[in-house]
Amino acid sequence: MIFRLVVRLSVPVMVLFCTTGYAASPDARGYEAAYFRQFAPQTALEMVTRIPGFVLQEADESRGLSQGGTNVLINNRPIVGKGETATTQIGQISAASVVRIEVLDAASLDLPGFSGLVANIVTNPTTVTVTVTWEPSWRRDNEPALLNGGVNVSGSGDDIEFSAAAESTMVRARFTGPEALRNVSGDLFETREEDRFIEGNQQEVSGGVQWRLVGDRVWNAKASYRRLDLERPQESRTTAITARGVDSLNLASFGEAETRIRFDSDFSLPAWGGAFKAIALVTREHNDAASRVTVDEVGVGRVADRRFFEDSTEDERIARLEQNWEPDPERSWQLAVEGAWNRLELATALAIAGQASPASLSVVSTQDTEIQERRAELTLAHRRELGADVDLQWSLGGETSTIEQGAISRRFNRPKGFVTLNAAPSDRWTLTARASREVGQISFRDFAASVSLVEEVVRETNAELVPEQSWLFSARAERRFGAGHVGSIELQHERIRDLVDRIPRGESGDAIGNIDEATRNQVRVVLTVIGDPLGVPGARLDLRGSWQRSSVTDPIEGFERDIGRLRTRDVRAEFRHDIRDTDLTYGFVFEEIELAPLYQSTLVQFQDIPPGGLTPGRNEVFLEHKNWFGFRVRATLSEFTGQKTRFSRVIYAGRRDAAAIDRVERRVRSVGGPFISLSVARMF
């Protein structure tokens, strides 16, 4: 309710801004280091997240390096890497070394693939700086997570910059609550009281170096190592309401150990009348997981003991070559070639223990899977100024890939590219239109079978899975107001071919596969309101919303529905007030997320939290002191509204189109709030 009130209050404020005469200052697109001083940032990452109207985008973790990536540059150079590698690098830049951050229109840059807004972090050589953070948290009925934090070291000289970091993260969570099982008539026949823990520890070390050699030659290298150990025990006590129900004790456990090593490097130099860059990325990830479920019925004893084991290794190697030419400031060209090799080795086993001798295991099924893909890509990109305030950028190319799984080998040739038109009709407005042909990346794990013992769901193998392709059309308008107010709206329409979703296999089986066609529409709104002109100096309100709707023909029953687990709504409000002439700050964050149902062959699943998420949103209030004996100290109270996660399933006796509903399960779990966390940071 508080969130809806904030949104309603912001609407008339936005209308007021659209009709008032605030004039944009000449440097409205640039933010000097002094602008961020009120936030007491420790790293460049914290500074980027405070830019009005700017939303940091992670580099794509999926298909190769390709063009573009995260929407942040460092000294006019794009960040090479995938996924969190980019954010990690930004987080390792000391705030003391940042001179200013410039917000640029991507289409005006000589960097193919970028769209929307791009932040350019301008740094200056500094001495060595060390940033130390400690972020303990306390949750009800959980042991405290006291080892959250890290150390970051960075520095630079005339020709070299370096950074290194070590981080530790503890995950401690508990979910408790009832579950009700009803028949097709709605009659309750069994209840369950469930208690689930999540306990995890993650350690990561990373580092990077940039060496500027003679003749504008630059070499970058980054490396990281991560280890994650996770346990998820669960206890469920069932109580029979009718003869169909069972009185029992169900115990479940899941544990995994995951390690990941990543190295990427790039080297650039002047060549052939332009600039040449070579990029390489190597990643290896190993995961060892095991799950177990036991069922002990009252008066009978143990009636079930099932176990599932999984051991996997994933490798990725990418090499990319780029040649860039800029004949004059109004034109630029890029020719790029990229090659990639990906492989997954996966071994799984399902076993059942004997009732008389629990120590003896009978292996029911095993599967050894090896999947690899070889891919090559060639693209040509061009940027041209069509006028003083209009830029055109396009890219044409294609890729060829071969996917091999055992004796099955398939080859695909796919076109790809984009065209972007960017216009700045005034200092206040930026308009962008874009059309692109994109090829998605599938997870190799989707090819293989898997078993969820707790949810009693089996996913079959599907060697015919292919990456989805899509035409994506988008239009974005940004309006800048005086004193830092920024508002933007973006519309997207996507036409998808070979959508990756759940499909039927055989009479009642289920697998991840392709559906011929689908569409997706999205609206994104971002609004930043600065409190100074409204009489609240130092205050700031950030509103962000995303709404999606989609249409795909259900492959079993033939009706139109949303894409499974599509994030149909994601709205967030963040308020911060830096009290003038003091070191005190307070604020709040409220977020709501809504997911579309997941349709499988024999069930329909509804869930109000993102896959893998720990809470249905993020609600918190905080109080911060920016200089407590030289430390920045922040105390946060989270999930104090008594939030609960809700999960329900409609389970059929067979395939949905040919069987009646067998039962309906509805689960409500408390997330265990309120949570208290502390953040202590200092830069030396």
Side-chain angles (χ1 to χ4, degrees), residues 134-149 167-181 190-203 227-239 248-258 289-296 307-308 452-457 589-593 595 605-622 634-649 665-679:
W134 181 48
E135 299 179 330
S137 63
W138 293 265
R139 296 170 178 252
R140 188 180 64 189
D141 300 326
N142 281 269
E143 64 176 86
L146 301 179
L147 299 182
N148 290 336
E167 298 180 0
S168 173
T169 304
M170 299 178 67
V171 178
R172 297 292 185 270
R174 185 180 183 183
F175 302 87
T176 60
E179 180 173 358
L181 281 68
E190 184 178 296
T191 62
R192 299 175 181 177
E193 272 304 320
E194 298 188 326
D195 196 349
R196 184 183 189 187
F197 287 88
I198 298 179
E199 301 176 351
N201 297 286
Q202 177 177 290
Q203 294 80 36
R227 166 82 183 197
L228 170 65
D229 294 283
L230 189 65
E231 297 286 341
R232 296 202 300 261
Q234 175 175 301
E235 177 181 300
S236 177
R237 294 184 179 274
T238 71
T239 302
S248 67
L249 173 63
N250 301 347
L251 299 178
S253 64
F254 174 84
E256 67 174 328
E258 177 184 285
S291 57
R292 179 182 182 183
V293 170
T294 62
V295 179
D296 293 283
R307 309 180 195 187
F308 184 71
S452 173
L453 298 179
V454 174
E455 303 297 344
E456 298 180 333
V457 173
V589 177
F590 287 99
E591 185 171 12
E592 291 182 359
I593 297 172
L595 294 178
Q605 179 175 299
F606 302 86
Q607 193 172 9
D608 69 348
I609 61 175
L614 297 182
T615 64
R618 183 186 176 195
N619 297 335
E620 66 178 38
V621 294
F622 66 87
R634 175 170 172 156
T636 302
L637 179 66
S638 307
E639 309 303 345
F640 52 88
T641 57
Q643 281 190 295
K644 300 179 185 298
T645 66
R646 289 174 172 82
F647 176 92
S648 63
R649 298 192 303 173
E665 301 176 352
R666 288 189 173 88
R667 175 193 307 159
V668 178
R669 285 177 174 172
S670 168
V671 299
F675 311 149
I676 300 175
S677 59
L678 188 68
S679 176

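A quick note: this is a predicted structure, and the numbers were derived from the prediction, not measured. Note: hydrogens, waters and symmetry copies are ignored here, and every other heavy atom, side chains too, is used.
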Report task. With sequence neighbours excluded, tell me which residues meet side chain to side chain contact (heavy atoms under 4.5 Å, CB included) with Q203. Result -> S168, N201, R227
Report summary line: Partner of E665 under side chain to side chain donor-acceptor pair (under 3.5 Å), picked from R649, Q605, R192, is R649
Requested in this report: Could you tell me the separation between the CG atom of L249 and the CZ atom of R237, rounded to the nearest 0.5 Å?
Outcome: 5.0 Å
Query raised in the report: What residues, two or more places apart in sequence or in another chain, satisfy side chain to side chain contact (heavy atoms under 4.5 Å, CB included) together with S638?
Result: E620, T636, F675
**Report entry** Gap between atom CZ of R669 and atom CZ of R196 - 0.5 Å precision
**Finding:** 5.5 Å
Requested in this report: Tell me, please, which residues at least two apart from E135 pass side chain to side chain donor-acceptor pair (under 3.5 Å).
Outcome: S679
Query raised in the report: With side chains defined as the heavy atoms from C-beta onward, is the minimum distance between V293 and F308 less than 4.5 Å?
Result: no
Report task. Please say which of I198, D195, V668 ends up in a side-chain contact (heavy atoms from CB on, under 4.5 Å) with F175. Result -> I198
Report task. Working to the nearest 0.5 Å, report the span between CD of E455 and CZ of F647. Result -> 4.5 Å
Report task. Start with the C-alpha distance between E179 and R666, add both sets of side-chain angles, then the distance that settles side-chain contact (heavy atoms from CB on, under 4.5 Å), and finish with yes or no. Result -> CA-CA 5 Å; E179 180 173 358; R666 288 189 173 88; 6.0 Å; no
Query raised in the report: Does W134 reach the main-chain N or O of L146 with its side chain, forming a donor-acceptor pair under 3.5 Å?
Result: yes
Query raised in the report: Minimum heavy-atom separation for E194 to Q234, with atom names?
Result: OE2-NE2, 4.0 Å
**Report entry** Under 3.5 Å: donor-acceptor pair, side chain of D229, backbone of G200
**Finding:** no
**Report entry** Minimum side-chain heavy-atom gap R174-R139 below 4.5 Å
**Finding:** no
Query raised in the report: Where is the tightest heavy-atom contact between E256 and A289, given as atom of each residue plus distance?
Result: CB-CB, 3.8 Å
Query - Between T176 and S670, a side-chain donor and acceptor under 3.5 Å - result: no
Query raised in the report: What's the spacing between F622 CZ and L678 CG if we round to 0.5 Å?
Result: 14.0 Å
Query raised in the report: Taking atom CG of L181 and atom OG1 of T239, what is their separation to the nearest 0.5 Å?
Result: 11.5 Å
Query - Separation between CE of M170 and CG of L147, rounded to the nearest 0.5 Å - result: 5.0 Å
**Report entry** Shortest non-hydrogen contact between A252 and V454, atoms and distance
**Finding:** CB-CG2, 3.7 Å
Requested in this report: Could you tell me whether the side chain of P674 reaches within less than 4.5 Å of the side chain of E639, counting heavy atoms only?
Outcome: no
